Amino acid sequence: MSVTKGLLVRFDALPGKEDDVKEFLDSGRALVEDEPATTAWFAIRLGPSSFGIFDVFPDDAGRDAHLSGPVAVALGEQTGALFSEPTIEKLDVLGSKLPA
């Protein structure tokens, strides 16, 4: 499978909410299981209180579907409660190595 589009979402945990953000991200995988165009999804920690999500898609349609899916809804619900306003960067994937 080929991927050409990606997303990098970054946000900072509110003070004292780092463990809650980690739990939130741990539960995020289940939300993307039913998204066939979400080829790969990663919850990431960038620093002590900095977190993010990196995911890839075969095309714009898959990325757009994800942006209106359950993870996006959950991010909106938790913004201000667990973490700061996320920054969402749309990326073009220039190369990849994925399992066959």
Side-chain angles (χ1 to χ4, degrees):
M1 174 173 281
S2 159
V3 294
T4 63
K5 302 298 176 184
L7 288 172
L8 178 59
V9 180
R10 298 184 218 191
F11 47 88
D12 292 316
L14 296 177
K17 297 290 187 178
E18 295 83 1
D19 288 340
D20 295 328
V21 171
K22 186 180 175 306
E23 288 177 26
F24 168 77
L25 289 171
D26 287 343
S27 68
R29 183 174 185 265
L31 298 176
V32 297
E33 286 295 322
D34 293 330
E35 294 183 5
T38 302
T39 305
W41 182 92
F42 302 92
I44 57 177
R45 188 170 204 160
L46 302 162
S49 63
S50 297
F51 296 85
I53 298 170
F54 174 71
D55 34 21
V56 293
F57 314 89
D59 52 30
D60 283 315
R63 180 170 63 190
D64 291 344
H66 178 71
L67 285 169
S68 63
V71 172
V73 171
L75 278 171
E77 292 172 350
Q78 296 304 322
T79 298
L82 295 181
F83 44 78
S84 62
E85 184 73 33
T87 60
I88 300 173
E89 299 175 63
K90 292 183 176 182
L91 311 169
D92 290 326
V93 175
L94 303 178
S96 64
K97 180 185 181 293
L98 299 169

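The structure displayed is predicted, hence computed values, not measured ones.
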task: Provide the closest heavy-atom pair for Ala72 versus Ser68 in the form atom of the first, atom of the second, distance.
output: CB-N, 4.5 Å
Nearest heavy atoms of Gly62 and Ala37, plus distance in Å: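 Scanning both residues completely, I find the closest heavy atoms to be CA-CB, 3.5 Å.
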Taking C-beta and beyond as the side chain, do [X] and [Y] meet within less than 4.5 Å on heavy atoms?
X: Lys90; Y: Leu7; answer: yes
X: Thr79; Y: Pro86; answer: yes
X: Val3; Y: Leu98; answer: yes
X: Arg63; Y: Pro58; answer: no
X: Gln78; Y: Phe83; answer: yes

Using a 3.5 Å cut-off and no angle test, enumerate the donor-acceptor pairs between side-chain atoms of residues 13-26 and protein atoms at least two apart in sequence or in another chain.
| unit_1 | atom_1 | unit_2 | atom_2 | d |
| --- | --- | --- | --- | --- |
| Glu18 | OE1 | Gly16 | N | 3.3 |
| Lys22 | NZ | Asp26 | OD2 | 3.3 |

Cluster link Val56 to Val71, ILVMFWY, side chain under 4.5 Å: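 Val56 does not cluster with Val71.
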- prompt: Can you hop from Leu67 to Val9 via hydrophobic side chains spaced under 4.5 Å?
  reply: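 Result: yes, single cluster for both.
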- prompt: Judged by modelled atom types alone, do Ser49 and Asp12 share a side-chain donor-acceptor pair under 3.5 Å?
  reply: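 Side chains of Ser49 and Asp12: no pair found under 3.5 Å.
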To the nearest 0.5 Å, how far apart are [atom1] in [X] and [atom2] in [Y]?
X: Thr4; Y: Asp60; atom1: OG1; atom2: CG; result: 6.5 Å
X: Glu33; Y: Thr38; atom1: CD; atom2: OG1; result: 10.0 Å
X: Ile53; Y: Leu8; atom1: CD1; atom2: CG; result: 10.0 Å

message: Quick one, Leu91 with Phe54, criterion side-chain contact (heavy atoms from CB on, under 4.5 Å). Give me CA distance, side-chain angles, the key distance, then yes/no.
response: CA-CA 10 Å; Leu91 311 169; Phe54 174 71; 3.8 Å; yes
- prompt: Phe11 and side-chain contact (heavy atoms from CB on, under 4.5 Å): which partner among Ile88, Leu75, Leu46?
  reply: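 The residue from Ile88, Leu75, Leu46 that satisfies side-chain contact (heavy atoms from CB on, under 4.5 Å) with Phe11 turns out to be Leu75.
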message: Holding to salt bridge (charged side-chain N to carboxylate O under 4.0 Å, His left out), I want the full list of residues that pass it with Asp92, two or more places apart in sequence or in another chain.
response: Lys5
query: If you link I, L, V, M, F, W and Y whenever their side-chain heavy atoms are under 4.5 Å apart, who else ends up in the same group as Val73?
result: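 Listed partners: none, Val73 stands alone.
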query: Crowded around Arg45 CZ? As in, over 12 foreign heavy atoms under 6.0 Å?
result: yes
task: Can you label the angle between the Phe57 ring and the His66 ring as parallel, tilted or perpendicular, going by 30° and 60°?
output: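 Correct class here is tilted.
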